[in-house]
*Asks:* 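Got a structure here, written out as structure tokens. Questions coming.
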Amino acid sequence: MKAIIENPIFSVMITFLIFYLASKLYNKYKFILFNPVLISITSLILLLKLINLDYNTYFKGAKIISFFLGPSVVALGVPLYLQFEEIKKRGISIIISIIIGSIVGILSAALTAKLLGASKVVVASIAPKSVTTPIAMGISEKIGGIPSLTAAIVIATGVLGAVIGPAFLKLTGIKNKVAIGLAIGSASHGIGTARAFEEGELEGASSSLAICLNGIATAIFTPIIFYIIYKLL
């Protein structure tokens with residue numbers, strides 16, 4: 001039995017199976033807390049604990065799945081191309097929105113953490129929470145954070161945004177499809193973008209654009225804001 005669960009193929013199969021079942025559950029009930037990513041993460045953690053399988057052994061197989069993260073991000077360019085004419089009409093407003101969203105995203109995490117007494121290392125790890133994991137980890141490392149902690153926070157941010165983002169935007173009366181997509185993509189990167197595509201093609205394409213632009217903006221503004229927080233405030 002031990003040989004089976006430590007086989008890399010087992011990790012791939014169980015990950016796909018759990019996500020498939022989580023997706024079926026979500027599609028049937030459409031309940032926000034049944035988000036497939038949230039259910040899958042929780043279920044995998046519980047399963048690994050239950051069968052006493054350490055993460056490094058599990059990841060020997062799971063890294064096969066993570067390899068496709070890059071191609072999947074590139075594939076987001078397809079819906080962006082298809083909706084290009086609609087997005088092009090709002091070029092200036094999109095850029096301004098992303099810049100504001102990036103600054104607010106950084107400040108809402110870094111400044112709040114500092115005011116609550118978090119250490120400088122923790123603040124640096126939290127600051128780039130709203131961009132995709134590779135970019136966030138790189139920013140965190142450059143300003144003195146812990147990349148592994150940053151990765152965990154980024155995933156948590158993405159799941160939270162996917163779970164409550166669309167409902168919150170509707171509650172606040174935001175109906176513009178581009179605005180919804182930009183907000184979700186800026187706040188909760190790839191995981192949120194998957195949820196944005198459920199709202200519609202334009203929302204998903206706008207969210208895809210937000211991932212790219214917010215990644216650039218956050219890479220520029222995070223070191224500056226981090227310096228201001230610790231040197232000038």
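For reference, positions follow the sequence shown, starting with 1.
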*Asks:* Under the ring pair (Phe, Tyr, Trp, His ring centres under 6.0 Å) rule, what pairs show up with a residue in residues 35-59, not counting sequence neighbours?
*Replies:* Tyr55-Phe59
*Asks:* Taking it one step at a time, do Phe226 and Ile106 satisfy side chain to side chain contact (heavy atoms under 4.5 Å, CB included)?
*Replies:* CA-CA 9 Å; Phe226 189 72; Ile106 299 165; over 6 Å; no
*Asks:* Going by the rule side chain to side chain contact (heavy atoms under 4.5 Å, CB included), which residues pair with Ala136 if we only count those two or more places apart in sequence or in a different chain?
*Replies:* Pro128, Val131, Thr150, Val154
*Asks:* Under 4.5 Å between side-chain heavy atoms, hopping through other hydrophobics if needed: is there a path connecting Leu44 to Val12?
*Replies:*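 No.
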*Asks:* Can you check whether Ser11's main-chain N or O pairs, donor with acceptor, with Thr15's side chain at less than 3.5 Å?
*Replies:* yes
*Asks:* What salt bridge (charged side-chain N to carboxylate O under 4.0 Å, His left out) pairs are there with at least one residue in residues 130-150, not counting sequence neighbours?
*Replies:*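 Every candidate salt bridge (charged side-chain N to carboxylate O under 4.0 Å, His left out) pair involving residues 130-150 fails, so no pair, neighbours aside, qualifies.
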*Asks:* Tell me the salt bridge (charged side-chain N to carboxylate O under 4.0 Å, His left out) pairs involving residues 66-90, sequence neighbours left out?
*Replies:*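 Every salt bridge (charged side-chain N to carboxylate O under 4.0 Å, His left out) pair that includes a residue of residues 66-90, provided the two are not neighbours, is Glu85-Lys88, Glu86-Lys89, Glu86-Arg90.
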*Asks:* With sequence neighbours left out, write down each residue that passes side chain to side chain contact (heavy atoms under 4.5 Å, CB included) with Asn56, or none if nothing qualifies.
*Replies:* Asp54
*Asks:* Can you name the side chain to side chain contact (heavy atoms under 4.5 Å, CB included) partners of Leu17, sequence neighbours left out?
*Replies:*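 So Leu17 forms a side chain to side chain contact (heavy atoms under 4.5 Å, CB included) with Ile14, Leu21.
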*Asks:* Apply side chain to side chain contact (heavy atoms under 4.5 Å, CB included) to Ala118 and list each qualifying residue two or more places apart in sequence or on a separate chain.
*Replies:*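 For Ala118, the residues satisfying side chain to side chain contact (heavy atoms under 4.5 Å, CB included) (neighbours in sequence not counted) are Ala113, Val122, Val123.
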*Asks:* Output every pair passing salt bridge (charged side-chain N to carboxylate O under 4.0 Å, His left out) with a member in residues 160-185, not counting sequence neighbours, ordered by first then second residue.
*Replies:*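 Non-adjacent pairs meeting salt bridge (charged side-chain N to carboxylate O under 4.0 Å, His left out): Lys170-Glu199.
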*Asks:* Can you run down the ring pair (Phe, Tyr, Trp, His ring centres under 6.0 Å) pairs that involve residues 24-43, sequence neighbours left out, and say none if there aren't any?
*Replies:* Phe31-Phe34
*Asks:* Can you pull the side chain to side chain donor-acceptor pair (under 3.5 Å) pairs that have at least one residue in residues 205-215, sequence neighbours excluded?
*Replies:*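 Pairs touching residues 205-215 that pass the test: Thr193-Ser207, Asn214-Thr218.
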*Asks:* Is it true that a side-chain atom of Ser108 and a backbone atom of Gly105 form a donor plus acceptor pair closer than 3.5 Å?
*Replies:* yes
*Asks:* Do any pairs count as a ring pair (Phe, Tyr, Trp, His ring centres under 6.0 Å) and have a residue in residues 158-213, sequence neighbours left out, and if so which ones?
*Replies:*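 Qualifying pairs: none.
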*Asks:* Taking the hydrophobic residues Ile, Leu, Val, Met, Phe, Trp and Tyr, and joining any pair whose side-chain heavy atoms are under 4.5 Å apart, which ones share a cluster with Ile98?
*Replies:* Leu80, Ile87, Ile94, Val178, Leu182, Leu202, Leu209, Leu213
